[in-house]
Amino acid sequence: IDLAKFRRIAAGDRLRGQYQGLSQDPASLSNLDQDLPNNMIHQVRIKSLPQEWLWCETWCSDASLSRAKTIDLCNNPQTKEPKLERAKRIVPEWSIYDQEIRTILDNDSTGDNKENLQFDEQNTHSSTNKNEL
């Protein structure tokens with residue numbers, strides 16, 4: 001990125017303004033990650049990352065999934081599959097993580113995890129230094 005040019009053309013302000021406009025439209029929110037660059041591509045030079053940096057089932061092949069560095073669990077208008085179900089199908093370990101989180105939340109709601117939460121909270125507060133802020 002050429003930061004001097006980025007600042008000179010007020011690219012950040014333009015992108016923020018466009019984002020603000022798009023975020024007011026409920027229909028646009030589902031595709032904001034696509035709408036923002038598509039609407040701004042002629043005002044701010046935007047280059048796309050290689051496909052493996054943002055794999056999405058809607059527009060990427062199943063064969064390319066093994067090379068994916070990030071996975072976008074985007075809405076697939078063709079299947080309308082719920083995101084949690086899609087996550088479990090695409091990312092096999094998702095079910096394990098989901099169950100771990102559900103267990104933690106269940107324990108927390110019954111008070112079983114109260115000691116751990118207090119310990120974590122104390123560690124979080126003790127590591128904060130005003131000079132670091």
Side-chain angles (χ1 to χ4, degrees):
I1 296 176
D2 181 345
L3 288 177
K5 184 175 181 180
F6 189 88
R7 291 180 180 125
R8 187 174 60 252
I9 66 170
D13 293 334
R14 291 179 184 195
L15 290 167
R16 275 189 295 278
Q18 184 68 25
Y19 175 85
Q20 182 67 27
L22 288 171
S23 66
Q24 301 302 312
D25 178 7
S28 181
L29 290 178
S30 63
N31 293 314
L32 193 55
D33 61 329
Q34 298 165 33
D35 293 344
L36 183 61
N38 288 344
N39 291 350
M40 297 299 293
I41 198 151
H42 298 294
Q43 295 179 34
V44 178
R45 288 188 62 188
I46 298 173
K47 296 181 181 177
S48 295
L49 288 170
Q51 180 177 316
E52 68 264 12
W53 282 99
L54 187 59
W55 186 93
C56 179
E57 186 177 40
T58 304
W59 62 80
C60 298
S61 70
D62 291 342
S64 65
L65 177 58
S66 64
R67 295 185 304 280
K69 294 181 183 355
T70 61
I71 298 172
D72 182 353
L73 298 171
C74 51
N75 291 317
N76 187 335
Q78 297 168 344
T79 65
K80 301 194 186 309
E81 179 182 22
K83 283 191 176 187
L84 184 55
E85 295 306 312
R86 184 170 35 264
K88 289 176 181 178
R89 182 176 48 78
I90 295 173
V91 184
E93 62 271 19
W94 193 281
S95 295
I96 297 166
Y97 300 147
D98 188 55
Q99 187 55 50
E100 286 177 7
I101 291 169
R102 288 177 191 274
T103 301
I104 291 169
L105 292 175
D106 288 346
N107 288 342
D108 183 44
S109 67
T110 61
D112 292 344
N113 210 17
K114 192 172 185 176
E115 286 181 23
N116 291 338
L117 291 174
Q118 287 175 346
F119 177 77
D120 289 344
E121 188 175 312
Q122 288 171 356
N123 286 341
T124 302
H125 293 304
S126 65
S127 65
T128 304
N129 183 339
K130 287 182 182 178
N131 295 329
E132 293 175 358
L133 299 176

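Side chains are part of it too, since the values below use all heavy atoms of this structure and drop only hydrogens, waters and symmetry mates.
- Residues Leu15 and Asp13 are not in side-chain contact: their nearest non-hydrogen atoms beyond the backbone lie 4.5 Å or more apart.
- Atoms CG and OG1, on Asp72 and Thr58 in that order, are 8.0 Å from each other to the nearest 0.5 Å.
- Of the charged side-chain nitrogens involved, none lies within less than 4.0 Å of a carboxylate oxygen, so that Asp106 and Arg102 do not count as a salt-bridged pair.
- Nearest approach of Tyr19 to Leu36, heavy atoms of both residues: N-CD1, 3.8 Å.
- The heavy-atom pair separating Trp55 from Leu65 by the smallest distance is NE1-N, 3.5 Å.
- In this structure a side-chain-to-backbone donor-acceptor pair under 3.5 Å is present from Arg14 to Gln43.
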Start with the C-alpha distance between Ile90 and Leu73, add both sets of side-chain angles, then the distance that settles side-chain contact (heavy atoms from CB on, under 4.5 Å), and finish with yes or no.
CA-CA 9 Å; Ile90 295 173; Leu73 298 171; 4.2 Å; yes
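- Within the 3.5 Å criterion, the main-chain N or O of Leu84 finds no donor-acceptor partner in the side chain of Trp94.
- For Ser64 (side chain) and Cys60 (main-chain N/O), no donor-acceptor pair under 3.5 Å exists by modelled atom type.
- Residues Lys88 and Glu93 are not paired through a salt bridge, judged by the lack of any N-O separation under 4.0 Å between the basic side chain and the carboxylate.
- In terms of modelled atom types and a separation under 3.5 Å, the side chain of Arg86 and the main chain of Glu81 share a donor-acceptor contact.
- Looking at heavy atoms from C-beta onward, Gln20 lies in side-chain contact with Gln24 at the 4.5 angstrom threshold.
- In this structure, the separation between CD on Glu85 and OG1 on Thr79 is 11.5 Å, given to the nearest 0.5 Å.
- The side chain to side chain contact (heavy atoms under 4.5 Å, CB included) search around Ile101 returns Leu105, not counting sequence neighbours.
- To the nearest 0.5 Å, atom OG of residue Ser23 and atom CD of residue Gln18 are 10.0 Å apart.
- Few gaps surround NZ on Lys83; more than 12 heavy atoms of other groups in view lie less than 6.0 Å from it.
- Counting heavy atoms from C-beta outward, Met40 and His42 have side chains that stay 4.5 Å or more apart.
- Within a 6.0 Å radius of CH2 in Trp53, no more than 12 heavy atoms belonging to other residues, nucleotides or ligands are found.
- The neighbour count for Arg89 CZ, taken as heavy atoms of other residues, nucleotides or ligands under 6.0 Å away, is above 12.
- A distance of 6.0 Å separates CD1 of Ile41 from CD1 of Ile46, quoted to the nearest 0.5 Å.
- Take Cys56 and apply the disulfide bond (SG atoms under 2.5 Å apart) test, not counting sequence neighbours, and it matches Cys74.
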